[in-house]
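Count residues from 1 along the sequence.
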Amino acid sequence: MGVDPGLKIGEKVNLQKIREIFQCGSMGGMLPVNRTNVMVIIADHTLDFYHDKWKDGILYYTGTGKIGDQQLDGNPGYKNGKLYHSKTNGMQLHLFEILKKREYIYRGIVVLANQPYQEEQLDENGVKRKVWIFPLKLVEEELKLDLLDDQTIMTSLASVQDKDLPFHFSYDGKPKDKGKPVVIDKIEIYKRDRKISLNALAYARFECEIDRTHESFIRKNSNTNYTEPHHLVPMAFQNNFSVSLDVEENIVSLCSNCHNLLHYGRDYLFLLKRLYESRKNLLKKVGIDITFERLIQMYQ
C-alpha cells in the first residue's frame with residue numbers, strides 16, 4: 001500500500017507530526033504500521049548508544065534491541081525481521097534523521113542496498129553482543145540516475161536506422177542474469193541494453209501499447225513510427241530482484257505522451273493497471289513475480 005507523507009526532502013517536523021502522517025507509534029527507531037505496510041525509520045545521531053553512519057551514499061543502520069543479541073523475531077526483534085525481509089514483503093521504508101534533539105529531518109524513501117549483516121557491539125550494560133546492520137540507500141537519488149539512463153537509451157534509439165532493426169524477434173520466456181551494476185556518483189545502477197529496448201519496440205511494431213492509434217511521427221533515420229521504451233518494473237528496483245529487469249518482457253512501447261504521463265502525470269494508475277494486466281504472466285515467466293500493489297509503490 002504505502003503512504004504519501006506530503007513532505008519535502010529535508011523538511012523538519014516533530015514526532016507528533018510523524019505520528020499524524022503515518023499513524024505509527026512513538027517508541028523506538030523502527031515504527032512499523034501493518035495496515036499500510038509502512039515502516040518509519042529514525043536514525044537518531046544525538047544518541048551515544050547506536051552508531052548509525054553514512055558511507056559512500058549508504059546509511060549503515062543498527063537494528064533494534066538494547067540488551068543481548070539482536071533477533072529477527074520476538075519483541076522487539078520482529079521489527080528487525082520486517083526490515084530484513086523488506087525486499088520481499090514490499091514494506092515501504094521512510095527515513096528520518098535527528099541531528100538536533102526533537103527535530104526530525106525527512107530524508108525520503110529508502111531500500112536495502114545490500115544484504116543485512118551482523119557485527120559485534122556493546123549492549124546497554126557494556127556487554128558484547130551481536131547486532132544487525134541494515135545498509136540503506138535513498139530511492140530518490142537512484143531514481144534520478146535511472147531516469148538519466150532512460151534518457152540516454154531514448155537518445156540512442158532516436159538515431160536508429162532501418163539496418164539496425166530486428167526483422168524477427170519473439171519472447172523466449174526465460175529469466176536472465178542481471179549481471180553486475182556500475183557505480184555512478186557512489187550509487188549502484190544497472191545499465192540498459194539498447195538492443196533489448198529495440199527488440200521490445202519492434203515486437204510492438206513501434207506502436208503505443210496503451211492505444212495503437214495514438215499519433216506519433218516517423219523517425220528521422222528510418223521508416224518506423226517513433227515510440228519510447230519503458231521498463232514497467234523500474235530499473236531503479238533491480239536490487240530487489242534476483243533476475244534481470246532489462247528484458248523485453250518488461251519493456252513496453254509507448255508514445256511520448258503516455259510515457260511522460262507514467263513518469264510525471266497525476267492520472268497514471270489507469271495506464272499502469274492496463275499495462276500490468278497485459279504483462280503480468282509474461283513477467284512471471286522471466287522470474288519477475290510482482291503484485292500490482294507493489295508496482296504502485298514503485299511509482300509513488
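Within the 4.5 Å cutoff, the side chain of N80 has heavy atoms near those of the M30 side chain. Residues T62 and I133 meet the side-chain proximity criterion, which asks for heavy atoms closer than 4.5 Å. Between Y106 and I18 the shortest side-chain heavy-atom distance does not fall below 4.5 Å. A heavy-atom distance below 4.5 Å is not found between the side chains of L31 and F22. T36 is not listed as a side-chain neighbour of Q23, based on a closest heavy-atom distance of 4.5 Å or more. Annotation: side chain of P32 is in contact with side chain of Y78 (closest heavy-atom distance under 4.5 Å). For the pair V110 and F134, the minimum side-chain heavy-atom distance is 4.5 Å or more. Under the 4.5 Å side-chain criterion, counting only non-hydrogen atoms from C-beta, Y203 is not in contact with S253.
Note that CG of N199 and CZ of R194 are 11.0 Å apart. Values are rounded to the nearest 0.5 Å. Distance check: I105 CD1 to L7 CG gives 12.5 Å after rounding to the nearest 0.5 Å. Here the straight-line distance linking atom CD of E209 with atom CG of L232 works out to 9.5 Å at 0.5 Å rounding. Within the model, atoms CG of L254 and OG of S216 stand 11.0 Å from one another, a figure rounded to the nearest 0.5 Å. Remark: D123 CG to Q70 CD distance equals 10.0 Å, nearest 0.5 Å. Atom CZ of residue R102 and atom CG of residue D44 lie 11.0 Å apart, to the nearest 0.5 angstrom.
Residues passing the ring pair (Phe, Tyr, Trp, His ring centres under 6.0 Å) test with F270: none are found, sequence neighbours excluded.
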Go through the steps to decide whether F237 and V139 satisfy the test side chain to side chain contact (heavy atoms under 4.5 Å, CB included), and finish with yes or no. CA-CA 9 Å; F237 295 90; V139 168; 4.2 Å; yes
Evaluation steps, side chain to side chain contact (heavy atoms under 4.5 Å, CB included), between V111 and K137: CA-CA 6 Å; V111 294; K137 62 181 177 182; 3.8 Å; yes
Could you walk me through whether L112 and L136 pass the side chain to side chain contact (heavy atoms under 4.5 Å, CB included) test, one step at a time? CA-CA 5 Å; L112 286 173; L136 302 173; 3.8 Å; yes
Assess whether side chain to side chain contact (heavy atoms under 4.5 Å, CB included) is satisfied between S86 and M39, documenting all intermediate values. CA-CA 10 Å; S86 58; M39 179 183 287; over 6 Å; no
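Salt bridge K280/E277: present, at least one basic N to carboxylate O contact under 4.0 Å.
By the rule that hydrophobic residues join a cluster once side-chain heavy atoms approach within less than 4.5 Å of another member, F96 and L99 end up as members of separate clusters. No path of Ile, Leu, Val, Met, Phe, Trp and Tyr side chains, each step under 4.5 Å between heavy atoms, connects I41 with V33, placing them in separate hydrophobic clusters. Linking Ile, Leu, Val, Met, Phe, Trp and Tyr residues whenever their side-chain heavy atoms come within less than 4.5 Å places V252 and L295 in a single cluster. By the rule that hydrophobic residues join a cluster once side-chain heavy atoms approach within less than 4.5 Å of another member, V40 and L15 end up as members of one cluster. Note on I42: it clusters hydrophobically with V38, by side-chain heavy-atom contacts below 4.5 Å among ILVMFWY residues.
When ring centroids are compared, F217 and Y226 come within the 6.0 Å threshold.
Surrounding CG of N125 are more than 12 heavy atoms belonging to other residues, nucleotides or ligands, all under 6.0 Å away. With a 6.0 Å radius and a threshold of 12 heavy atoms from other residues, nucleotides or ligands, Q16 has its CD atom above the threshold. The environment of K87 atom NZ is dense: over 12 non-hydrogen atoms of other residues, nucleotides or ligands sit within 6.0 angstrom.
Relative to the ring axis of F241, K178 does not place its NZ or CZ within 45° and under 6.0 Å from the centre.
Remark: the backbone N or O of K66 is not paired with any side-chain donor or acceptor of E124 at under 3.5 angstrom. Panel note: side chain Q92, backbone I109; no donor-acceptor pair is recorded below 3.5 Å. Under the 3.5 Å distance criterion, the side-chain polar atoms of N225 are left unmatched by any main-chain donor or acceptor of E207. A donor-acceptor contact shorter than 3.5 Å links the side chain of N89 to the backbone of K82. Between the side chain of N37 and the backbone N or O of G90, at least one donor-acceptor pair lies under 3.5 Å. Remark: side-chain polar atoms of D52 are not paired, donor with acceptor, to backbone N or O of E97 under 3.5 angstrom. Of the possible donor and acceptor atoms, one in the side chain of N250 sits under 3.5 Å from a partner among the backbone N and O of V233. Side chain of Q121 to backbone of E119: no donor-acceptor contact under 3.5 angstrom is found. Put simply, the side chain of Q118 never gets that close to the backbone of K130: no donor and acceptor are under 3.5 Å apart. Looking at R279, its side chain does come within 3.5 Å of a backbone N or O of I251 through a donor-acceptor pair.
Between H263 and H230, the two ring planes are perpendicular [angle over 60°; tilted spans 30° to 60°].
Nearest heavy atom pair, residue G6 against residue E11, reads O-OE1, 4.5 Å. The two residues P229 and L201 come nearest to each other via the heavy atoms N-CD2, 3.7 Å. When every heavy atom of P76 is checked against every heavy atom of T64, the shortest pair comes out as O-CG2, 3.5 Å. The heavy-atom pair separating L245 from P234 by the smallest distance is CD1-O, 3.3 Å. Of all non-hydrogen atoms in N114 and P135, the two that sit nearest each other are O-CD, 3.8 Å. The two atoms that bring L262 and Y299 nearest to each other are O-CD2, 3.8 Å, heavy atoms only.
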Side chains of residues 283-291: which donor-acceptor partners sit under 3.5 Å, not counting sequence neighbours?
| residue | atom | partner | partner atom | Å |
| --- | --- | --- | --- | --- |
| T291 | OG1 | R294 | N | 3.1 |

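Under 3.5 Å, the side chains of Y84 and Q115 contain a donor-acceptor pair of N or O atoms.
Across R192, Q238, H231, a single residue satisfies side chain to side chain donor-acceptor pair (under 3.5 Å) together with D246, and that is H231.
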